Amino acid sequence: MSSPVRVRFAPSPTGNLHVGGARTALFNWLFARHHGGVFILRIEDTDLERSQEAYTRAILDGLRWLGLDWDEGPEVGGPHGPYFQTQREGLYREAVERLLREGKLYHCFCTAETLETMRQDQAERKVAIKYDGRCRALGRAEVERRIATGEKFVLRLRCPEGESVEWEDLTKGRLSFTSDLLDDLVVVKSDGMPTYNFAVVVDDVGMKITHVIRGEDHISNTPKQILLYRAMEAPLPRFAHIPMILGKDRARLSKRHGATSVIEYEKMGFDPEAFRNYLALLGWAPEDHTQELLSREELFARFTLDRVSSHGAIFDLDKLTWMNAEYIKRFSPATLLARLRPWLAQIPGFPGGFDDAALAKMAGLYRERVKTYNEILTMADWFFIEPATFDAKGLEKAAKIGGARALLAKLIDRLQTAGEFTEGPLEGLVRSFAEAEGRKFGDVVHLCRLGLSGRTATPGLFEVMAVLGRERTLARLGRFLTSCPA
RNA sequence: GGCCCCAUGGUGUAACCGGCUAACACGCAGCCCUCUCAAGGCUGAGAGCGCGGGUUCGAGUCCCGCUGGGGCUACCA
(Lines give C-alpha, C1' and ligand atoms only; values in the text may rest on other atoms or scores of the structure.)
Protein backbone atom coordinates (compact mmCIF):
# COMPACT_ATOMS: atom_id res chain seq x y z
CA MET A 1 0.00 0.00 0.00
CA SER A 2 3.00 2.28 0.33
CA SER A 3 5.07 2.05 -2.86
CA PRO A 4 3.24 1.03 -6.01
CA VAL A 5 3.34 -2.68 -6.72
CA ARG A 6 5.40 -3.65 -9.77
CA VAL A 7 5.57 -7.28 -10.83
CA ARG A 8 6.77 -9.03 -13.89
CA PHE A 9 6.44 -12.17 -15.94
CA ALA A 10 9.74 -12.98 -17.63
CA PRO A 11 9.54 -15.92 -20.02
CA SER A 12 12.31 -17.17 -22.27
CA PRO A 13 11.29 -17.50 -25.89
CA THR A 14 12.46 -21.09 -26.14
CA GLY A 15 9.03 -22.63 -26.54
CA ASN A 16 5.31 -21.95 -26.47
CA LEU A 17 3.57 -20.59 -23.41
CA HIS A 18 3.46 -23.50 -21.00
CA VAL A 19 0.63 -23.99 -18.53
CA GLY A 20 3.10 -23.53 -15.70
CA GLY A 21 4.31 -20.27 -17.17
CA ALA A 22 0.75 -19.20 -17.83
CA ARG A 23 -0.12 -19.80 -14.18
CA THR A 24 2.89 -17.79 -13.04
CA ALA A 25 1.88 -14.98 -15.38
CA LEU A 26 -1.68 -15.21 -14.11
CA PHE A 27 -0.69 -14.93 -10.45
CA ASN A 28 1.52 -11.93 -11.21
CA TRP A 29 -1.26 -10.32 -13.18
CA LEU A 30 -3.85 -10.95 -10.46
CA PHE A 31 -1.50 -9.64 -7.80
CA ALA A 32 -0.86 -6.48 -9.79
CA ARG A 33 -4.55 -5.92 -10.48
CA HIS A 34 -5.49 -6.62 -6.88
CA HIS A 35 -3.11 -3.91 -5.72
CA GLY A 36 -3.69 -1.52 -8.58
CA GLY A 37 -0.07 -2.08 -9.54
CA VAL A 38 1.84 -2.58 -12.74
CA PHE A 39 2.24 -5.88 -14.60
CA ILE A 40 5.36 -6.01 -16.74
CA LEU A 41 6.30 -8.44 -19.47
CA ARG A 42 9.98 -8.97 -20.13
CA ILE A 43 11.46 -11.37 -22.66
CA GLU A 44 14.55 -13.18 -21.43
CA ASP A 45 16.27 -14.02 -24.67
CA THR A 46 19.88 -14.12 -23.60
CA ASP A 47 20.17 -17.75 -24.63
CA LEU A 48 21.01 -17.03 -28.24
CA GLU A 49 21.09 -20.71 -29.13
CA ARG A 50 17.56 -21.55 -28.12
CA SER A 51 15.66 -18.28 -28.34
CA GLN A 52 13.42 -17.72 -31.34
CA GLU A 53 11.33 -14.80 -32.37
CA ALA A 54 8.48 -17.09 -33.31
CA TYR A 55 8.29 -18.20 -29.69
CA THR A 56 8.12 -14.63 -28.49
CA ARG A 57 5.08 -14.15 -30.70
CA ALA A 58 3.60 -17.42 -29.50
CA ILE A 59 4.01 -16.37 -25.88
CA LEU A 60 2.42 -12.97 -26.48
CA ASP A 61 -0.45 -14.66 -28.29
CA GLY A 62 -0.89 -17.09 -25.44
CA LEU A 63 -1.06 -14.29 -22.89
CA ARG A 64 -3.49 -12.38 -25.05
CA TRP A 65 -5.67 -15.43 -25.46
CA LEU A 66 -5.84 -15.73 -21.69
CA GLY A 67 -6.68 -12.06 -21.45
CA LEU A 68 -3.59 -11.20 -19.42
CA ASP A 69 -2.81 -7.66 -20.49
CA TRP A 70 0.56 -6.19 -19.58
CA ASP A 71 1.15 -2.56 -18.73
CA GLU A 72 4.78 -2.42 -19.79
CA GLY A 73 6.61 -4.66 -22.20
CA PRO A 74 6.80 -5.67 -25.85
CA GLU A 75 4.44 -3.76 -28.14
CA VAL A 76 3.25 -1.41 -25.40
CA GLY A 77 6.63 -0.06 -24.31
CA GLY A 78 7.03 1.73 -21.01
CA PRO A 79 9.42 3.92 -19.06
CA HIS A 80 11.81 1.14 -18.03
CA GLY A 81 12.53 -0.50 -21.36
CA PRO A 82 13.75 -2.05 -23.46
CA TYR A 83 11.81 -5.16 -22.53
CA PHE A 84 13.99 -7.65 -24.38
CA GLN A 85 17.14 -8.63 -22.56
CA THR A 86 19.17 -8.74 -25.75
CA GLN A 87 18.46 -5.03 -26.10
CA ARG A 88 19.61 -4.22 -22.61
CA GLU A 89 23.28 -5.03 -23.09
CA GLY A 90 24.35 -1.50 -22.30
CA LEU A 91 22.68 -1.73 -18.90
CA TYR A 92 24.38 -5.01 -18.08
CA ARG A 93 27.72 -3.62 -19.20
CA GLU A 94 27.33 -0.61 -16.92
CA ALA A 95 26.51 -2.85 -14.00
CA VAL A 96 29.45 -5.11 -14.78
CA GLU A 97 31.86 -2.21 -15.03
CA ARG A 98 30.79 -0.90 -11.69
CA LEU A 99 31.10 -4.25 -9.98
CA LEU A 100 34.46 -4.82 -11.62
CA ARG A 101 35.68 -1.42 -10.46
CA GLU A 102 34.58 -2.25 -6.94
CA GLY A 103 36.52 -5.50 -7.10
CA LYS A 104 33.42 -7.63 -6.69
CA LEU A 105 34.00 -9.60 -9.88
CA TYR A 106 37.01 -11.44 -11.18
CA HIS A 107 38.15 -13.00 -14.46
CA CYS A 108 38.05 -16.75 -14.73
CA PHE A 109 39.91 -18.50 -17.56
CA CYS A 110 38.94 -22.05 -16.68
CA THR A 111 37.87 -24.07 -19.68
CA ALA A 112 34.89 -26.35 -19.81
CA GLU A 113 37.26 -29.32 -19.57
CA THR A 114 39.05 -28.16 -16.45
CA LEU A 115 35.71 -27.43 -14.79
CA GLU A 116 34.50 -30.85 -15.77
CA THR A 117 37.45 -32.68 -14.23
CA MET A 118 37.14 -30.51 -11.12
CA ARG A 119 33.51 -31.55 -10.71
CA GLN A 120 34.25 -35.18 -11.29
CA ASP A 121 36.88 -35.04 -8.61
CA GLN A 122 34.45 -33.37 -6.22
CA ALA A 123 31.82 -35.96 -6.96
CA GLU A 124 34.27 -38.76 -6.19
CA ARG A 125 35.30 -37.13 -2.94
CA LYS A 126 31.61 -36.61 -2.14
CA VAL A 127 31.96 -32.95 -1.38
CA ALA A 128 29.68 -30.16 -2.52
CA ILE A 129 30.06 -29.52 -6.22
CA LYS A 130 31.00 -25.91 -6.74
CA TYR A 131 33.61 -23.81 -8.43
CA ASP A 132 36.72 -23.91 -6.26
CA GLY A 133 37.74 -20.32 -6.95
CA ARG A 134 41.10 -21.14 -8.49
CA CYS A 135 41.08 -17.99 -10.63
CA ARG A 136 40.18 -15.71 -7.74
CA ALA A 137 43.76 -14.85 -6.95
CA LEU A 138 45.01 -14.19 -10.47
CA GLY A 139 47.11 -11.04 -10.54
CA ARG A 140 46.16 -8.03 -12.58
CA ALA A 141 49.15 -8.41 -14.88
CA GLU A 142 48.43 -12.05 -15.63
CA VAL A 143 44.79 -11.28 -16.33
CA GLU A 144 45.75 -8.51 -18.78
CA ARG A 145 48.28 -10.73 -20.48
CA ARG A 146 45.88 -13.63 -20.93
CA ILE A 147 43.14 -11.36 -22.22
CA ALA A 148 45.64 -9.91 -24.69
CA THR A 149 46.49 -13.37 -26.00
CA GLY A 150 42.82 -13.78 -26.79
CA GLU A 151 42.11 -16.36 -24.11
CA LYS A 152 38.40 -16.79 -23.41
CA PHE A 153 37.16 -15.83 -19.97
CA VAL A 154 34.05 -15.37 -17.88
CA LEU A 155 33.39 -12.94 -15.07
CA ARG A 156 32.51 -14.38 -11.68
CA LEU A 157 31.09 -12.84 -8.54
CA ARG A 158 33.14 -13.23 -5.37
CA CYS A 159 30.92 -15.12 -2.99
CA PRO A 160 31.19 -14.41 0.72
CA GLU A 161 31.90 -17.28 3.09
CA GLY A 162 30.06 -18.29 6.19
CA GLU A 163 27.20 -15.96 5.57
CA SER A 164 23.57 -16.82 5.99
CA VAL A 165 21.36 -15.66 3.16
CA GLU A 166 17.72 -15.55 4.13
CA TRP A 167 14.46 -13.94 3.26
CA GLU A 168 10.82 -14.04 4.24
CA ASP A 169 9.07 -15.69 1.33
CA LEU A 170 5.48 -14.51 0.90
CA THR A 171 4.17 -18.00 0.29
CA LYS A 172 6.76 -20.23 1.95
CA GLY A 173 7.73 -18.32 5.02
CA ARG A 174 11.31 -17.89 6.21
CA LEU A 175 13.86 -19.50 3.89
CA SER A 176 17.56 -19.59 4.54
CA PHE A 177 20.72 -20.82 2.86
CA THR A 178 24.35 -20.64 3.79
CA SER A 179 26.60 -18.86 1.33
CA ASP A 180 29.19 -21.63 1.70
CA LEU A 181 27.22 -23.82 -0.66
CA LEU A 182 27.01 -21.15 -3.28
CA ASP A 183 29.34 -20.94 -6.25
CA ASP A 184 31.24 -17.92 -7.35
CA LEU A 185 28.57 -17.60 -9.96
CA VAL A 186 29.26 -16.62 -13.53
CA VAL A 187 27.91 -13.18 -14.27
CA VAL A 188 29.12 -12.72 -17.83
CA LYS A 189 29.54 -15.64 -20.21
CA SER A 190 32.53 -15.95 -22.51
CA ASP A 191 30.36 -14.73 -25.38
CA GLY A 192 29.86 -11.52 -23.48
CA MET A 193 26.22 -12.18 -22.64
CA PRO A 194 25.06 -11.86 -19.06
CA THR A 195 23.91 -15.04 -17.35
CA TYR A 196 20.32 -15.57 -16.36
CA ASN A 197 20.76 -14.82 -12.66
CA PHE A 198 22.66 -11.63 -13.33
CA ALA A 199 20.39 -10.29 -16.04
CA VAL A 200 17.35 -10.97 -13.89
CA VAL A 201 18.71 -8.95 -11.02
CA VAL A 202 19.93 -6.04 -13.14
CA ASP A 203 16.53 -5.92 -14.83
CA ASP A 204 14.46 -6.33 -11.69
CA VAL A 205 16.43 -3.53 -10.09
CA GLY A 206 16.21 -1.38 -13.20
CA MET A 207 12.50 -2.01 -13.64
CA LYS A 208 11.87 -1.30 -9.97
CA ILE A 209 10.23 -4.65 -9.39
CA THR A 210 8.71 -4.80 -5.92
CA HIS A 211 7.55 -8.42 -5.84
CA VAL A 212 9.12 -11.37 -7.57
CA ILE A 213 6.43 -14.02 -8.02
CA ARG A 214 7.71 -17.13 -9.78
CA GLY A 215 7.78 -20.92 -9.70
CA GLU A 216 9.35 -22.66 -6.76
CA ASP A 217 11.97 -24.15 -9.03
CA HIS A 218 13.60 -20.74 -8.57
CA ILE A 219 13.98 -21.01 -4.83
CA SER A 220 17.58 -22.08 -5.12
CA ASN A 221 18.34 -19.21 -7.49
CA THR A 222 17.11 -16.73 -4.93
CA PRO A 223 20.13 -16.76 -2.58
CA LYS A 224 22.43 -16.24 -5.58
CA GLN A 225 20.34 -13.32 -6.68
CA ILE A 226 20.24 -11.87 -3.20
CA LEU A 227 24.04 -11.89 -3.22
CA LEU A 228 23.88 -9.95 -6.46
CA TYR A 229 21.46 -7.42 -4.97
CA ARG A 230 23.89 -6.98 -2.11
CA ALA A 231 26.84 -6.55 -4.43
CA MET A 232 24.89 -3.96 -6.37
CA GLU A 233 23.73 -2.33 -3.15
CA ALA A 234 20.16 -2.42 -4.41
CA PRO A 235 17.05 -2.82 -2.27
CA LEU A 236 15.63 -6.34 -2.16
CA PRO A 237 12.17 -7.03 -3.59
CA ARG A 238 9.76 -9.37 -1.80
CA PHE A 239 9.86 -12.93 -3.08
CA ALA A 240 6.94 -15.32 -3.46
CA HIS A 241 7.54 -18.82 -4.77
CA ILE A 242 4.49 -20.60 -6.05
CA PRO A 243 4.12 -24.39 -6.29
CA MET A 244 4.66 -26.28 -9.50
CA ILE A 245 2.02 -27.80 -11.71
CA LEU A 246 2.42 -31.56 -11.91
CA GLY A 247 1.24 -34.46 -14.03
CA LYS A 248 -0.80 -37.38 -12.66
CA ASP A 249 2.38 -39.09 -11.49
CA ARG A 250 3.37 -36.03 -9.46
CA ALA A 251 6.31 -35.34 -11.74
CA ARG A 252 6.68 -31.92 -13.27
CA LEU A 253 4.11 -31.49 -16.04
CA SER A 254 5.58 -32.49 -19.37
CA LYS A 255 4.53 -33.58 -22.84
CA ARG A 256 4.08 -37.16 -21.80
CA HIS A 257 1.25 -36.05 -19.51
CA GLY A 258 -0.61 -34.60 -22.47
CA ALA A 259 -0.98 -31.05 -23.63
CA THR A 260 1.40 -28.64 -21.96
CA SER A 261 1.14 -25.48 -23.97
CA VAL A 262 -1.70 -23.07 -23.73
CA ILE A 263 -2.43 -23.01 -27.46
CA GLU A 264 -3.12 -26.71 -27.37
CA TYR A 265 -5.97 -26.03 -24.97
CA GLU A 266 -7.24 -23.35 -27.27
CA LYS A 267 -7.22 -25.90 -30.09
CA MET A 268 -9.02 -28.43 -27.92
CA GLY A 269 -11.89 -25.99 -27.66
CA PHE A 270 -11.45 -24.56 -24.20
CA ASP A 271 -12.72 -21.10 -23.45
CA PRO A 272 -9.96 -18.75 -22.33
CA GLU A 273 -11.94 -17.42 -19.39
CA ALA A 274 -12.72 -20.89 -18.14
CA PHE A 275 -9.13 -21.93 -18.58
CA ARG A 276 -7.92 -18.90 -16.69
CA ASN A 277 -10.45 -19.53 -13.93
CA TYR A 278 -9.29 -23.12 -13.63
CA LEU A 279 -5.64 -22.13 -13.56
CA ALA A 280 -6.30 -19.59 -10.81
CA LEU A 281 -7.63 -22.39 -8.64
CA LEU A 282 -4.53 -24.54 -9.10
CA GLY A 283 -2.59 -23.77 -5.98
CA TRP A 284 -4.82 -20.98 -4.77
CA ALA A 285 -8.24 -20.73 -3.18
CA PRO A 286 -10.24 -17.69 -2.16
CA GLU A 287 -11.39 -17.30 1.41
CA ASP A 288 -14.80 -18.61 0.49
CA HIS A 289 -13.63 -21.62 -1.43
CA THR A 290 -17.17 -22.85 -2.05
CA GLN A 291 -17.42 -20.47 -4.97
CA GLU A 292 -15.22 -21.71 -7.75
CA LEU A 293 -16.62 -19.88 -10.74
CA LEU A 294 -14.96 -16.51 -10.48
CA SER A 295 -15.11 -13.61 -12.88
CA ARG A 296 -12.08 -11.52 -13.66
CA GLU A 297 -13.19 -8.85 -11.23
CA GLU A 298 -13.86 -11.37 -8.49
CA LEU A 299 -10.39 -12.80 -8.98
CA PHE A 300 -8.89 -9.32 -8.80
CA ALA A 301 -10.71 -8.60 -5.58
CA ARG A 302 -9.90 -11.89 -3.87
CA PHE A 303 -6.41 -12.78 -4.95
CA THR A 304 -3.81 -12.62 -2.22
CA LEU A 305 -0.51 -14.45 -1.96
CA ASP A 306 -1.10 -15.66 1.57
CA ARG A 307 -3.77 -17.98 0.22
CA VAL A 308 -1.45 -19.65 -2.25
CA SER A 309 -0.83 -23.25 -1.24
CA SER A 310 2.65 -24.56 -0.67
CA HIS A 311 2.62 -27.89 -2.48
CA GLY A 312 2.53 -28.89 -6.13
CA ALA A 313 -0.84 -29.35 -7.81
CA ILE A 314 -1.79 -32.00 -10.32
CA PHE A 315 -3.37 -30.64 -13.48
CA ASP A 316 -6.81 -32.25 -13.73
CA LEU A 317 -8.26 -32.24 -17.23
CA ASP A 318 -11.61 -33.52 -15.94
CA LYS A 319 -12.13 -30.58 -13.69
CA LEU A 320 -11.00 -28.14 -16.34
CA THR A 321 -13.51 -29.72 -18.72
CA TRP A 322 -16.28 -29.43 -16.15
CA MET A 323 -15.47 -25.79 -15.58
CA ASN A 324 -15.44 -25.13 -19.30
CA ALA A 325 -18.90 -26.66 -19.56
CA GLU A 326 -20.10 -24.43 -16.72
CA TYR A 327 -18.96 -21.37 -18.65
CA ILE A 328 -20.61 -22.58 -21.84
CA LYS A 329 -23.88 -23.18 -20.01
CA ARG A 330 -23.92 -19.57 -18.92
CA PHE A 331 -23.53 -18.07 -22.37
CA SER A 332 -26.50 -16.73 -24.28
CA PRO A 333 -27.19 -18.58 -27.55
CA ALA A 334 -25.84 -15.61 -29.50
CA THR A 335 -22.62 -15.48 -27.50
CA LEU A 336 -22.17 -19.20 -27.78
CA LEU A 337 -22.68 -19.01 -31.53
CA ALA A 338 -19.97 -16.37 -31.75
CA ARG A 339 -17.52 -18.61 -29.85
CA LEU A 340 -18.54 -21.64 -31.85
CA ARG A 341 -18.23 -20.00 -35.26
CA PRO A 342 -14.55 -20.81 -35.90
CA TRP A 343 -15.33 -24.45 -35.25
CA LEU A 344 -18.60 -24.54 -37.16
CA ALA A 345 -16.79 -23.02 -40.11
CA GLN A 346 -14.76 -26.23 -40.34
CA ILE A 347 -17.88 -28.24 -41.16
CA PRO A 348 -18.00 -28.67 -44.97
CA GLY A 349 -21.65 -27.68 -45.46
CA PHE A 350 -21.62 -24.71 -43.12
CA PRO A 351 -23.66 -22.49 -42.95
CA GLY A 352 -25.90 -24.53 -45.20
CA GLY A 353 -28.52 -21.85 -45.76
CA PHE A 354 -29.25 -21.28 -42.08
CA ASP A 355 -29.64 -17.67 -41.04
CA ASP A 356 -28.09 -16.26 -37.88
CA ALA A 357 -31.26 -16.64 -35.90
CA ALA A 358 -31.45 -20.34 -36.73
CA LEU A 359 -27.75 -20.80 -36.02
CA ALA A 360 -28.08 -19.09 -32.67
CA LYS A 361 -31.01 -21.30 -31.81
CA MET A 362 -28.97 -24.33 -32.81
CA ALA A 363 -26.04 -23.16 -30.68
CA GLY A 364 -28.47 -22.80 -27.80
CA LEU A 365 -29.45 -26.44 -28.16
CA TYR A 366 -25.85 -27.46 -27.48
CA ARG A 367 -25.31 -25.16 -24.55
CA GLU A 368 -25.88 -27.97 -22.11
CA ARG A 369 -24.46 -30.70 -24.26
CA VAL A 370 -21.09 -29.52 -25.35
CA LYS A 371 -18.21 -29.34 -22.86
CA THR A 372 -15.58 -27.99 -25.23
CA TYR A 373 -16.11 -26.06 -28.46
CA ASN A 374 -14.55 -28.66 -30.71
CA GLU A 375 -17.26 -31.16 -29.75
CA ILE A 376 -19.69 -29.24 -31.90
CA LEU A 377 -17.89 -30.65 -34.94
CA THR A 378 -18.94 -34.19 -34.26
CA MET A 379 -22.21 -33.46 -32.51
CA ALA A 380 -23.85 -31.02 -34.87
CA ASP A 381 -22.34 -31.64 -38.30
CA TRP A 382 -25.57 -33.30 -39.47
CA PHE A 383 -27.35 -29.97 -39.42
CA PHE A 384 -25.21 -29.01 -42.38
CA ILE A 385 -24.56 -32.34 -44.02
CA GLU A 386 -27.74 -34.29 -44.68
CA PRO A 387 -27.32 -37.82 -43.30
CA ALA A 388 -26.59 -40.42 -45.97
CA THR A 389 -26.42 -43.31 -43.56
CA PHE A 390 -28.44 -44.11 -40.50
CA ASP A 391 -27.41 -45.51 -37.15
CA ALA A 392 -27.63 -49.32 -37.28
CA LYS A 393 -29.06 -49.69 -33.79
CA GLY A 394 -31.59 -47.00 -34.58
CA LEU A 395 -32.72 -48.84 -37.69
CA GLU A 396 -33.05 -52.05 -35.70
CA LYS A 397 -35.30 -50.36 -33.20
CA ALA A 398 -37.34 -48.79 -35.96
CA ALA A 399 -37.79 -52.23 -37.51
CA LYS A 400 -39.02 -53.61 -34.18
CA ILE A 401 -41.98 -51.27 -33.89
CA GLY A 402 -43.41 -52.60 -37.14
CA GLY A 403 -44.84 -50.62 -40.01
CA ALA A 404 -42.37 -47.81 -39.53
CA ARG A 405 -42.32 -46.72 -43.16
CA ALA A 406 -46.08 -46.41 -43.42
CA LEU A 407 -46.14 -44.59 -40.12
CA LEU A 408 -43.50 -42.18 -41.31
CA ALA A 409 -45.35 -41.55 -44.56
CA LYS A 410 -48.47 -40.66 -42.62
CA LEU A 411 -46.55 -38.38 -40.35
CA ILE A 412 -45.02 -36.59 -43.31
CA ASP A 413 -48.51 -35.98 -44.62
CA ARG A 414 -49.59 -34.66 -41.30
CA LEU A 415 -46.56 -32.37 -41.02
CA GLN A 416 -47.24 -30.96 -44.45
CA THR A 417 -50.35 -29.32 -43.10
CA ALA A 418 -48.85 -28.32 -39.78
CA GLY A 419 -49.41 -24.72 -38.82
CA GLU A 420 -46.63 -22.96 -37.01
CA PHE A 421 -43.38 -24.90 -37.29
CA THR A 422 -42.14 -24.30 -33.73
CA GLU A 423 -41.52 -26.70 -30.88
CA GLY A 424 -44.75 -26.24 -28.93
CA PRO A 425 -47.21 -26.83 -31.77
CA LEU A 426 -45.01 -29.53 -33.29
CA GLU A 427 -44.91 -31.49 -30.07
CA GLY A 428 -48.69 -31.20 -29.75
CA LEU A 429 -49.10 -32.38 -33.28
CA VAL A 430 -46.88 -35.43 -32.87
CA ARG A 431 -48.46 -36.36 -29.56
CA SER A 432 -51.95 -36.38 -30.97
CA PHE A 433 -50.71 -38.11 -34.10
CA ALA A 434 -49.14 -40.89 -32.04
CA GLU A 435 -52.27 -41.28 -30.01
CA ALA A 436 -54.50 -41.43 -33.07
CA GLU A 437 -52.25 -44.06 -34.61
CA GLY A 438 -52.10 -46.08 -31.41
CA ARG A 439 -48.34 -45.61 -31.25
CA LYS A 440 -45.99 -44.80 -28.45
CA PHE A 441 -44.97 -41.17 -28.54
CA GLY A 442 -41.35 -42.19 -27.99
CA ASP A 443 -41.39 -44.54 -30.97
CA VAL A 444 -42.52 -41.79 -33.30
CA VAL A 445 -39.97 -39.39 -31.90
CA HIS A 446 -37.10 -41.83 -32.26
CA LEU A 447 -38.04 -42.61 -35.82
CA CYS A 448 -38.09 -38.94 -36.75
CA ARG A 449 -34.83 -38.25 -34.99
CA LEU A 450 -33.15 -41.03 -36.90
CA GLY A 451 -34.49 -39.74 -40.17
CA LEU A 452 -33.47 -36.17 -39.59
CA SER A 453 -30.04 -36.73 -38.13
CA GLY A 454 -29.07 -40.30 -38.87
CA ARG A 455 -28.46 -40.64 -35.12
CA THR A 456 -30.13 -41.84 -31.99
CA ALA A 457 -28.98 -38.98 -29.82
CA THR A 458 -29.60 -35.32 -30.57
CA PRO A 459 -31.10 -32.34 -28.76
CA GLY A 460 -34.89 -32.36 -28.29
CA LEU A 461 -36.61 -33.42 -31.49
CA PHE A 462 -39.00 -30.50 -31.74
CA GLU A 463 -36.33 -27.89 -31.22
CA VAL A 464 -34.32 -29.63 -33.90
CA MET A 465 -37.29 -29.54 -36.29
CA ALA A 466 -37.84 -25.88 -35.58
CA VAL A 467 -34.22 -25.12 -36.40
CA LEU A 468 -34.27 -27.20 -39.57
CA GLY A 469 -37.53 -25.61 -40.67
CA ARG A 470 -40.42 -27.11 -42.55
CA GLU A 471 -38.74 -27.65 -45.91
CA ARG A 472 -35.60 -29.33 -44.68
CA THR A 473 -37.53 -31.44 -42.21
CA LEU A 474 -39.96 -32.73 -44.81
CA ALA A 475 -37.24 -33.26 -47.39
CA ARG A 476 -35.08 -35.28 -45.02
CA LEU A 477 -37.95 -37.38 -43.76
CA GLY A 478 -39.09 -37.96 -47.32
CA ARG A 479 -35.68 -39.25 -48.35
CA PHE A 480 -35.48 -41.39 -45.24
CA LEU A 481 -38.52 -43.30 -46.48
CA THR A 482 -36.31 -45.42 -48.73
CA SER A 483 -33.93 -46.41 -45.91
CA CYS A 484 -36.66 -46.80 -43.36
CA PRO A 485 -37.60 -50.37 -42.38
CA ALA A 486 -41.02 -51.31 -43.50
C1' G B 1 25.99 -37.25 -3.04
C1' G B 2 24.88 -32.07 -1.15
C1' C B 3 21.33 -28.12 -0.32
C1' C B 4 16.22 -26.66 -0.34
C1' C B 5 10.80 -27.25 -0.59
C1' C B 6 6.49 -30.19 0.27
C1' A B 7 2.93 -34.08 2.46
C1' U B 8 -5.64 -33.66 4.21
C1' G B 9 -10.31 -38.90 0.11
C1' G B 10 -8.45 -40.73 -6.97
C1' U B 11 -7.92 -34.98 -8.07
C1' G B 12 -8.07 -29.46 -6.61
C1' U B 13 -8.79 -27.21 -2.10
C1' A B 14 -11.07 -25.67 3.20
C1' A B 15 -10.74 -26.12 8.34
C1' C B 16 -9.16 -18.42 11.64
C1' C B 17 -3.85 -17.60 16.62
C1' G B 18 -4.76 -26.23 18.66
C1' G B 19 -11.32 -27.66 20.56
C1' C B 20 -17.07 -30.08 15.81
C1' U B 21 -19.87 -36.49 12.95
C1' A B 22 -12.79 -33.23 8.91
C1' A B 23 -16.10 -29.21 4.78
C1' C B 24 -16.68 -27.73 -0.64
C1' A B 25 -15.87 -28.91 -5.79
C1' C B 26 -14.38 -32.45 -9.81
C1' G B 27 -14.63 -37.53 -10.71
C1' C B 28 -17.31 -42.19 -9.39
C1' A B 29 -22.08 -45.18 -8.05
C1' G B 30 -27.42 -45.33 -7.48
C1' C B 31 -32.25 -43.13 -7.84
C1' C B 32 -35.65 -39.29 -9.88
C1' C B 33 -37.00 -36.29 -14.17
C1' U B 34 -37.39 -37.56 -19.50
C1' C B 35 -38.68 -38.41 -26.80
C1' U B 36 -32.73 -39.92 -27.09
C1' C B 37 -28.28 -37.54 -25.39
C1' A B 38 -27.16 -34.04 -22.13
C1' A B 39 -28.41 -30.74 -18.30
C1' G B 40 -30.87 -30.70 -13.56
C1' G B 41 -32.55 -32.72 -8.60
C1' C B 42 -31.69 -36.21 -4.64
C1' U B 43 -28.78 -39.97 -2.20
C1' G B 44 -24.25 -42.55 -1.47
C1' A B 45 -19.25 -44.66 -1.38
C1' G B 46 -14.51 -42.53 -0.60
C1' A B 47 -9.55 -39.35 3.90
C1' G B 48 -9.35 -39.77 10.38
C1' C B 49 -5.40 -35.83 7.88
C1' G B 50 2.36 -40.01 4.93
C1' C B 51 4.63 -42.91 9.30
C1' G B 52 6.56 -42.94 14.45
C1' G B 53 7.34 -40.36 18.75
C1' G B 54 6.48 -36.21 21.87
C1' U B 55 4.03 -31.31 24.06
C1' U B 56 -1.16 -30.53 25.76
C1' C B 57 -7.22 -31.59 29.29
C1' G B 58 -7.33 -31.67 23.84
C1' A B 59 -3.20 -31.81 17.46
C1' G B 60 -4.67 -32.31 10.58
C1' U B 61 -3.10 -27.77 13.12
C1' C B 62 3.01 -27.03 17.64
C1' C B 63 8.12 -29.83 18.26
C1' C B 64 11.53 -33.96 16.86
C1' G B 65 12.80 -38.09 13.81
C1' C B 66 11.76 -41.09 9.63
C1' U B 67 9.70 -42.20 4.89
C1' G B 68 7.98 -40.62 0.30
C1' G B 69 7.59 -36.99 -3.63
C1' G B 70 9.53 -32.64 -5.96
C1' G B 71 13.20 -28.82 -7.09
C1' C B 72 18.18 -27.04 -7.63
C1' U B 73 23.19 -28.40 -7.92
C1' A B 74 25.49 -25.18 -16.06
C1' C B 75 29.36 -20.05 -19.50
C1' C B 76 20.06 -22.95 -19.82
C1' A B 77 16.50 -19.81 -18.50
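Order of the sequence lines fixes the chain letters, A, B, ..., with proteins taken first and strands second; residue numbering starts at 1 for each chain. Keep in mind it's a predicted model, so treat the numbers as computed, not measured.
Taking both residues in full, the closest heavy atoms of A/His257 and A/Ala251 are given as CE1-O, 3.8 Å, listed atom of the first, atom of the second, then distance.
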Subject >> RNA chain B base-pair string [pairs: Watson-Crick or G-U under 3.5 Å; |: paired with another strand] >> reply: (((((((..((((.....[...)))).(((((.......))))).....(((((..]....))))))))))))....
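Taking side-chain N and O atoms only, A/Arg252 has no distance below 4.0 Å to OP1 or OP2 of B/G69. For B/C75, the OP1/OP2 oxygens have no side-chain nitrogen or oxygen of A/Thr195 closer than 4.0 Å. Residue A/Lys189 places at least one side-chain N or O closer than 4.0 Å to OP1 or OP2 of B/C76. The side chain of A/Lys172 contributes no N or O atom lying less than 4.0 Å from OP1 or OP2 of B/C4.
Rounded to an integer number of Å, the gap from CG of A/Leu447 to C1' of B/C35 is 12 Å. Rounded to an integer number of Å, the gap from A/Tyr131 OH to B/A74 C1' is 14 Å. Going from atom CZ of A/Arg50 over to atom P of B/A74 covers 15 Å, rounded to whole Å.
A cation-pi arrangement is not found for A/Arg42 relative to A/Phe9, the charged atom failing to lie both closer than 6.0 Å to the ring centre and inside a 45° cone about the ring normal.
Between the base of B/C24 and the side chain of A/Thr290 there is no donor-acceptor pair shorter than 3.5 Å.
Nucleic acid contact for A/Pro243: none, since no nucleic acid atom lies under 4.0 Å from a heavy atom of the residue.
For RNA chain B, the residues of residues 155-166 of chain A within the heavy-atom distance limit of 4.0 Å (strictly under) are A/Arg156, sorted by number.
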